[in-house]
Chemist: 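Mind looking over this structure? Questions follow.
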Amino acid sequence: MIYSDLRKLSALYEVIKEGETHLRLQEFMDSAARNAAQIMGVKAYAIKLLDSDHKNLRFASTYGLSEDYVSRGPISLEKSGVNRKVIEGSLFSIGQIDEDRYFQYPEDVQREGITSMLCLPLRVDVRIFGVFCVYSKEPDHFKESDIGFFSLMTDLIALTMDRITRERAKTWFMNKAAHQLRSPLNTIASMLRLLEGQYLGPLNDQQKETVGRCQVRLSILQAIVNDLLKIAAERQEMGPPRLEPVDLVEILQALEPGYKVQAAEKNINLTLEIQDGLPRVLAQESLLDEVFSNLISNAVKYTPSGGRVWVRLNSPLTGIVSLEVEDTGIGIAETDQVKLFSEFFRAQNAKALVEAGTGLGLVIVKDVIERLGGMIRLESRLGQGTRVIVQLPAAV
């Protein structure tokens with residue numbers, strides 16, 4: 001009994017974990033439903049989703065059902081008592097399938113060898129968008145404990161499917177909007193350069209100042225568009241990135257001269273502290289460039305003249321390589337820290353110190369770190385500085 005409960009808890013954990021790592025809906029449905037079916041020891045499963053007019057269901061993910069059964073096409077709610085009942089919000093469990101009135105194609109059910117079944121609605125709040133069924137060839141297969149477990153797992157799967165669908169829609173919009181904005185912004189930038197160069201006639205001092213202000217605002221907008229495209233590109237990648245052993249020390253040392261110049265321009269002392277004998281990490285060099293650039297540039301940007309920035313590479317635990325970027329900058333209010341990884345958010349003191357900024361840099365960093373299987377956290381005190389810690393798995 002205890003072993004069975006542990007297996008079920010493990011299955012629920014896997015659903016939660018896979019929901020955090022999957023951005024492709026089909027992959028998540030296949031994996032989560034297969035996991036549920038294996039734990040419950042059943043012959044087959046099916047996830048069926050409602051069409052737009054809420055009159056039919058289509059098979060979205062199946063296992064253990066024949067091609068003939070699945071290829072029948074949409075399932076009419078009018079003709080299928082089982083699915084109609086579930087879509088109306090009820091659990092359906094039957095231990096001996098011997099009544100034709102429940103099924104659109106009862107002869108197919110018998111041919112599949114299905115003797116008992118358990119179906120639940122895929123529901124988020126009051127919205128029902130599909131049905132999840134598991135099928136057994138044994139009569140009276142499903143016990144009360146199975147129903148409780150399956151109900152909880154179905155709720156988790158429904159919530160995750162809803163989140164993935166919303167994320168994909170948001171990413172599509174983000175990508176579309178950014179592409180639509182890029183062309184007119186570039187056109188405006190070209191026109192401003194014509195004015196600034198006085199190719200269309202001389203400008204007085206007030207006009208020059210106005211053109212300069214417009215260029216500053218435009219550069220912020222262009223940076224936002226570029227960051228949106230980066231985020232959309234990252235989130236549209238299907239599956240995990242192709243990883244290879246990468247030397248963080250080599251990457252950091254290659255980029256160091258540029259950071260030193262940036263720091264020197266603000267009279268900031270930039271120090272690199274690198275532990276000897278660090279293992280390589282599993283990553284992509286281009287993705288790590290993005291992480292270094294955002295974190296170190298932020299530290300320099302929000303540290304006043306005369307301050308300090310430390311960049312540390314070490315291995316605090318076996319199998320982990322840690323990147324720390326610490327500064328003596330303006331810090332972040334505790335109430336703002338929970339919002340820092342939200343799109344377009346910038347703390348008030350950051351806006352007051354530096355006008356330019358998209359509020360997307362840390363979002364990009366977080367997306368990259370999660371794709372690499374790592375973690376990121378932040379410690380900060382207002383007026384005293386900030387420390388960002390990134391941990392990545394070492395290459396075996």
Chemist: Between D51 and L57, is the side-chain contact (heavy atoms from CB on, under 4.5 Å) condition met? List the steps.
Modeler: CA-CA 6 Å; D51 61 13; L57 289 164; over 6 Å; no

Chemist: Any donor-acceptor pair under 3.5 Å linking the side chain of S76 with the backbone of N56?
Modeler: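 Not confirmed, S76 side chain does not pair with N56 backbone.
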
Chemist: Does any N or O in the side chain of S322 come within less than 3.5 Å of the main-chain N or O of S315, such that one atom is a donor and the other an acceptor?
Modeler: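 Side chain of S322 to backbone of S315: no pair is present.
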
Chemist: Is the count of non-hydrogen atoms from other residues, nucleotides or ligands lying under 6.0 Å from Q207 atom CD greater than 12?
Modeler: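 Counting neighbours around CD of Q207, more than 12 heavy atoms of other residues, nucleotides or ligands fall under 6.0 Å, so yes.
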
Chemist: Heavy atoms only: give me the nearest I268-P304 pair and the separation to one decimal.
Modeler: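 I268 and P304 have their closest heavy atoms at CG1-O, 3.8 Å.
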
Chemist: When you measure from the side chain of R84 to the backbone N and O of E78, does any donor-acceptor pair fall under 3.5 Å?
Modeler: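 Yes, R84 side chain to E78 backbone: donor-acceptor pair under 3.5 Å.
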
Chemist: Considering non-hydrogen atoms only, spot the tightest contact between A394 and V321 and give its length.
Modeler: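 So the two residues come closest at CB-CG2, 4.3 Å.
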
Chemist: How far does CD of Q384 sit from CD1 of I332, to the nearest 0.5 angstrom?
Modeler: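 Q384 atom CD to I332 atom CD1 measures 13.0 Å (nearest 0.5 Å).
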
Chemist: May I ask you to test the L323-L392 pair for a side-chain heavy-atom distance under 4.5 Å?
Modeler: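 L323 vs L392: side chains apart.
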
Chemist: I need the minimum non-hydrogen distance between V86 and C119, along with the two atoms involved.
Modeler: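 Heavy-atom minimum between the residues: CG2-CB, 3.8 Å.
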
Chemist: Could you walk me through whether Y135 and V42 satisfy the side-chain contact (heavy atoms from CB on, under 4.5 Å) test, starting with their C-alpha distance in whole Å, then the side-chain angles of each, then the deciding distance to 0.1 Å, before giving a yes or no?
Modeler: CA-CA 6 Å; Y135 310 97; V42 296; 6.0 Å; no

Chemist: When you measure from the side chain of S71 to the backbone N and O of D68, does any donor-acceptor pair fall under 3.5 Å?
Modeler: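 Yes, because the side chain of S71 sits within donor-acceptor range (under 3.5 Å) of the backbone of D68.
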
Chemist: Counting heavy atoms not belonging to N204, are there more than 12 under 6.0 Å from its CG?
Modeler: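 Result for CG/N204: enclosed.
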
Chemist: Any chance you could lay out the side-chain contact (heavy atoms from CB on, under 4.5 Å) test for L118 and Y45, step after step, and finish with the verdict?
Modeler: CA-CA 10 Å; L118 174 60; Y45 72 77; over 6 Å; no

Chemist: Going by side chain to side chain contact (heavy atoms under 4.5 Å, CB included), V309 matches just one of L295, T328, D327. Which one?
Modeler: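 Of all the options given, the one that passes is D327.
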
Chemist: Can you tell whether the side chains of R387 and E324 come within less than 4.0 Å, N to carboxylate O?
Modeler: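 Salt bridge present between R387 and E324.
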
Chemist: Could you give me the CA-CA distance, side-chain angles and deciding distance for E326 and E379, then say whether side-chain contact (heavy atoms from CB on, under 4.5 Å) is met?
Modeler: CA-CA 9 Å; E326 183 177 1; E379 301 167 357; over 6 Å; no

Chemist: Check whether any side-chain heavy atom of R58 sits under 4.5 Å from a side-chain heavy atom of L49, and report yes or no.
Modeler: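 Yes - at least one pair of side-chain heavy atoms lies under 4.5 Å apart.
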
Chemist: Might you confirm whether atom NZ of K55 has over 12 heavy atoms from other residues, nucleotides or ligands at distances under 6.0 Å?
Modeler: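 No, NZ of K55 has 12 or fewer neighbouring heavy atoms, counting only those of other groups under 6.0 Å.
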
Chemist: Measure the shortest side-chain to side-chain distance between P316 and Q391 over non-hydrogen atoms and say whether it is less than 4.5 angstrom.
Modeler: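 SC-SC contact between P316 and Q391 confirmed.
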
Chemist: So, for D140 and S116, which heavy atoms are closest and what is the spacing to 0.1 Å?
Modeler: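 It is N-CB, 3.9 Å.
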
Chemist: Can you see which heavy atom on I147 is nearest to which on S93, and at what distance?
Modeler: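 Where I147 meets S93 most closely, the heavy atoms are CD1-OG, 4.3 Å.
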
Chemist: Counting heavy atoms not belonging to D276, are there more than 12 under 6.0 Å from its CG?
Modeler: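 Check fails, neighbour count at 12 or below.
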
Chemist: Quick check on the hydrophobic clustering: are L200 and M191 connected, directly or via other members, by side-chain heavy-atom contacts under 4.5 Å?
Modeler: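 No; M191 is not reachable from L200 via cluster members.
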
Chemist: Would a 4.5 Å heavy-atom cut-off, applied to side chains only, mark L248 and L278 as touching?
Modeler: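 No; the side chains remain at least 4.5 Å from each other.
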
Chemist: Do other residues, nucleotides or ligands put more than 12 heavy atoms under 6.0 Å from K260 NZ?
Modeler: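 Yes.
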
Chemist: Using a strict threshold of under 4.0 Å (side-chain N to carboxylate O), is an ion pair present between D162 and R127?
Modeler: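 A salt bridge is present here (some side-chain N lies under 4.0 Å from a carboxylate O).
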
Chemist: Quick check for you: to the nearest 0.5 Å, what is the distance between N269 atom CG and R308 atom CZ?
Modeler: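 These two atoms lie 4.5 Å from each other.
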
Chemist: Do F129 and V124 make a side-chain contact, defined as non-hydrogen atoms from C-beta onward lying under 4.5 Å apart?
Modeler: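 A side-chain contact exists here, since the closest heavy-atom pair is under 4.5 Å.
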
Chemist: Please report the closest heavy-atom contact between G331 and T386, naming both atoms and the distance.
Modeler: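 Closest approach of G331 to T386, heavy atoms only: CA-OG1, 3.6 Å.
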
Chemist: Start with the C-alpha gap between R193 and S190, add the side-chain angles, then the distance that decides, and say whether side-chain hydrogen bond (donor to acceptor under 3.5 Å, both in side chains) holds.
Modeler: CA-CA 5 Å; R193 284 194 294 272; S190 298; 3.3 Å; yes

Chemist: Please check if V368 and L252 belong to a single hydrophobic cluster, counting links between Ile, Leu, Val, Met, Phe, Trp and Tyr side chain heavy atoms closer than 4.5 Å.
Modeler: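 Yes; tracing contacts between hydrophobic side chains, which count when under 4.5 Å, links both residues.
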
Chemist: Determine, using the 4.5 Å side-chain heavy-atom cutoff (strictly less than), whether V82 and F59 are members of one ILVMFWY cluster.
Modeler: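 They do share one cluster, since a chain of ILVMFWY contacts under 4.5 Å joins V82 to F59.
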
Chemist: Report yes if the side chains of E138 and K43 come closer than 4.5 Å at any heavy-atom pair, otherwise no.
Modeler: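 Of all side-chain heavy-atom pairs linking K43 with E138, none is under 4.5 Å.
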
Chemist: Has the side chain of E273 got a donor or acceptor atom that lies under 3.5 Å from a matching backbone atom of R312?
Modeler: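 No.
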
Chemist: Are the side chains of Q253 and I274 in touch, meaning some heavy atoms are under 4.5 Å apart?
Modeler: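 A side-chain contact under 4.5 Å exists here.
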
Chemist: Count I, L, V, M, F, W, Y as connected when their side-chain heavy atoms are under 4.5 Å apart, and connections chain through other members. Are W310 and V261 then in the same cluster?
Modeler: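 They do not share one cluster, since no chain of ILVMFWY contacts under 4.5 Å joins W310 to V261.
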
Chemist: Going by heavy atoms in the side chains, are S151 and L91 under 4.5 Å from each other?
Modeler: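 No, their side chains stay 4.5 Å or more apart.
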
Chemist: Count I, L, V, M, F, W, Y as connected when their side-chain heavy atoms are under 4.5 Å apart, and connections chain through other members. Are L272 and V246 then in the same cluster?
Modeler: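 In one cluster with L272: V246, yes.
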
